[in-house]
Protein chains: 2
Amino acid sequence: MLKGNDIKRRNTQQRKIILDILRSTNIHPTADWIYEQARKEIPNISLGTVYRNLKILKESGQIIEINDGKQSRFDGRIDEHYHFKCISCERIFDVEKEDLSGLKIIGNKNFIIHRIDILITGVCNMCSGDN
Amino acid sequence: MLKGNDIKRRNTQQRKIILDILRSTNIHPTADWIYEQARKEIPNISLGTVYRNLKILKESGQIIEINDGKQSRFDGRIDEHYHFKCISCERIFDVEKEDLSGLKIIGNKNFIIHRIDILITGVCNMCSGDN
DNA sequence: GTATATGCAAACAATTTGCACGCCT
DNA sequence: AGGCGTGCAAATTGTTTGCATATAC
């Protein structure tokens with residue numbers, strides 16, 4: 001239950017800019033890309049600060065972390081939607097809930113599907129008893 | 001198209017044991033756990049060999065890589081099924097296809113769901129044209 | 001015999017962290 | 001004024017790789 005979210009967060013320029021960057025793109029960028037963008041606004045922002053803020057924004061539910069392979073990617077869109085990763089160009093596309101039902105996933109647009117991974121996150125039966 | 005799978009693979013003890021280990025557990029272990037188990041059979045096996053074989057086994061479709069957070073986990077079960085990760089005990093449970101439909105995911109067993117991530121992998125419309 | 005696979009250790013890449021200082025509230 | 005947040009650099013962690021040797025075929 002205790003999530004360490006009782007800390008009073010400050011509204012720093014750095015955090016605001018990082019959130020703005022994420023909200024204004026749909027490319028699901030890496031921390032490094034976000035860092036490069038942020039430097040245009042705050043030239044001496046550090047990569048550590050970017051990582052720290054991404055963690056805070058994620059924990060407070062303002063952004064989502066996408067886990068594809070080795071690098072983390074981030075998403076400022078938090079309504080229910082899913083993702084398609086192209087193994088060729090490595091881009092990540094948004095998949096709408098509606099597009100997931102039926103056979104024509106991603107609306108017949110010539111996307112070739114290799115596999116579908118579903119990961120549900122939560123608390124298991126053993127841990128939900130007490131804890 | 002070219003996938004580099006024209007290499008003639010040898011059937012080494014190391015690779016056989018790693019696959020055996022993965023097929024005989026459902027805990028979705030990390031490379032490190034597999035390494036520790038493998039050492040019981042081949043005491044001087046190296047972690048590099050474990051990683052190399054996991055990659056080969058994955059590429060040949062004999063195992064699956066599960067991407068949860070920073071560490072990779074591996075699964076010797078390759079039929080269609082999904083996963084549930086408990087944020088408390090960190091265990092990963094198998095989720096059957098049937099359990100995914102309807103509201104009673106994972107069969108009413110008191111699992112609390114926080115979020116569902118779906119990642120589809122394949123080739124996008126732009127890359128499927130030529131390439 | 002020969003090319004793939006191995007063990008070892010070093011290299012790498014992504015992310016995290018300790019510290020002294022800075023700046024929201 | 002106080003404490004969260006920052007920049008910087010070093011540390012850590014998970015994974016990959018170069019090389020000489022071993023081994024499956």
Side-chain angles (χ1 to χ4, degrees), chain A residues 3-22 28-60 62-75 85 90 92, chain B residues 3-22 28-60 62-75 85 90 92:
Chain A
K3 288 206 62 185
N5 285 353
D6 297 344
I7 297 146
K8 198 150 255 128
R9 295 293 178 197
R10 289 180 189 165
N11 209 1
T12 62
Q13 280 307 303
Q14 286 86 339
R15 190 167 308 147
K16 262 185 280 190
I17 283 165
I18 289 167
L19 184 54
D20 277 353
I21 289 168
L22 271 169
H28 313 87
T30 60
D32 216 67
W33 188 92
I34 296 163
Y35 170 59
E36 290 304 336
Q37 300 303 310
R39 286 176 72 180
K40 294 174 183 169
E41 307 268 348
I42 306 175
N44 70 327
I45 192 174
S46 78
L47 188 52
T49 292
V50 172
Y51 274 106
R52 273 185 287 233
N53 278 304
L54 287 171
K55 182 180 243 181
I56 289 167
L57 289 168
K58 185 180 69 162
E59 282 171 0
S60 64
Q62 296 176 86
I63 65 170
I64 285 169
E65 183 172 4
I66 302 170
N67 229 287
D68 109 84
K70 68 169 43 170
Q71 270 188 104
S72 277
R73 290 173 170 277
F74 299 89
D75 195 344
K85 160 103 185 269
E90 307 241 280
I92 292 182
Chain B
K3 288 206 63 186
N5 285 352
D6 298 345
I7 297 145
K8 198 150 254 129
R9 292 295 177 198
R10 289 179 187 167
N11 209 359
T12 62
Q13 280 307 303
Q14 287 85 341
R15 191 167 307 145
K16 263 186 281 191
I17 282 166
I18 289 167
L19 185 53
D20 277 353
I21 289 169
L22 270 170
H28 313 87
T30 60
D32 216 67
W33 188 92
I34 296 164
Y35 170 58
E36 290 303 336
Q37 301 302 308
R39 286 176 72 179
K40 293 176 182 169
E41 307 268 348
I42 307 176
N44 69 329
I45 193 174
S46 77
L47 187 54
T49 293
V50 172
Y51 273 107
R52 274 185 288 234
N53 278 305
L54 287 171
K55 183 181 243 181
I56 290 168
L57 290 167
K58 185 180 69 161
E59 282 170 359
S60 64
Q62 296 175 84
I63 66 171
I64 285 168
E65 184 172 4
I66 303 170
N67 229 288
D68 111 83
K70 68 166 43 167
Q71 270 188 104
S72 276
R73 292 173 168 276
F74 299 88
D75 195 344
K85 160 106 184 272
E90 307 241 279
I92 292 181

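Every chain is numbered from 1 and lettered A, B, ... according to where its sequence line falls, protein lines coming before strand lines.
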Leading and trailing nucleotides of DNA chain C with any atom under 4.0 Å from heavy atoms of chain A: C:dA14 to C:dT25
Residues touching DNA chain D, which here means a heavy atom under 4.0 Å, drawn from residues 32-39 of chain A: none
Overall bend - the helix from C:dG1-D:dC25 to C:dT25-D:dA1, comparing terminal axes fitted on five pairs, nearest 10 degrees: 40°
A:R73 side, atom CZ; A:I34 side, atom CD1 - distance, nearest 0.5 Å: 10.0 Å
A:Y51 OH - D:dA11 P separation (whole Å): 19 Å
Inter-residue atom distance B:I63.CD1 - B:D75.CG, 0.5 Å rounding: 9.0 Å
Interatomic distance, B:D68 atom CG to B:K70 atom NZ [nearest 0.5 angstrom]: 11.5 Å
Earlier contact from the 5' end, DNA chain C, for B:I45 and A:G48: B:I45
Criterion side chain to side chain contact (heavy atoms under 4.5 Å, CB included) on B:S72 and B:T30, from CA distance to verdict: CA-CA 6 Å; B:S72 276; B:T30 60; over 6 Å; no
Of residues 63-75 of chain A, the positions that come close to DNA chain C - non-hydrogen atoms, cut-off under 4.0 Å: A:Q71, A:S72
Pairwise distance CD(A:Q71) to CD(A:E90) - rounded to 0.5 angstrom: 9.5 Å
Would you give me the side-chain donor-acceptor pairs under 3.5 Å for residues 40-58 of chain B, sequence neighbours excluded?
| from | atom 1 | to | atom 2 | distance (Å) |
| --- | --- | --- | --- | --- |
| B:K40 | NZ | B:Q37 | OE1 | 3.3 |
| B:S46 | OG | B:T49 | N | 3.2 |
| B:S46 | OG | B:T49 | OG1 | 3.2 |
| B:N53 | OD1 | B:R15 | NE | 2.6 |
| B:N53 | OD1 | B:R15 | NH2 | 3.2 |
| B:N53 | ND2 | B:T49 | O | 3.1 |
| B:K58 | NZ | B:E65 | OE1 | 2.5 |

Quick one: which protein N/O atoms are closer than 3.5 Å to N/O atoms of nucleotides 1-5 of chain D? Pair and distance per line, please.
| from | atom 1 | to | atom 2 | distance (Å) |
| --- | --- | --- | --- | --- |
| D:dG2 | N2 | A:R10 | NH2 | 3.4 |
| D:dG3 | N2 | A:R10 | NH1 | 2.3 |
| D:dG3 | N2 | A:R10 | NH2 | 2.3 |
| D:dG3 | N3 | A:R10 | NH2 | 2.4 |
| D:dC4 | O2 | A:R10 | NH1 | 2.3 |
| D:dC4 | O2 | A:R10 | NH2 | 3.4 |
| D:dG5 | OP1 | A:R10 | N | 3.3 |
| D:dG5 | OP1 | A:R15 | NH1 | 3.2 |
| D:dG5 | OP1 | A:R15 | NH2 | 3.0 |
| D:dG5 | OP2 | A:R9 | NH1 | 2.5 |

Distance (rounded to the nearest 0.5 Å) between A:I66 CD1 and A:K85 NZ: 10.5 Å
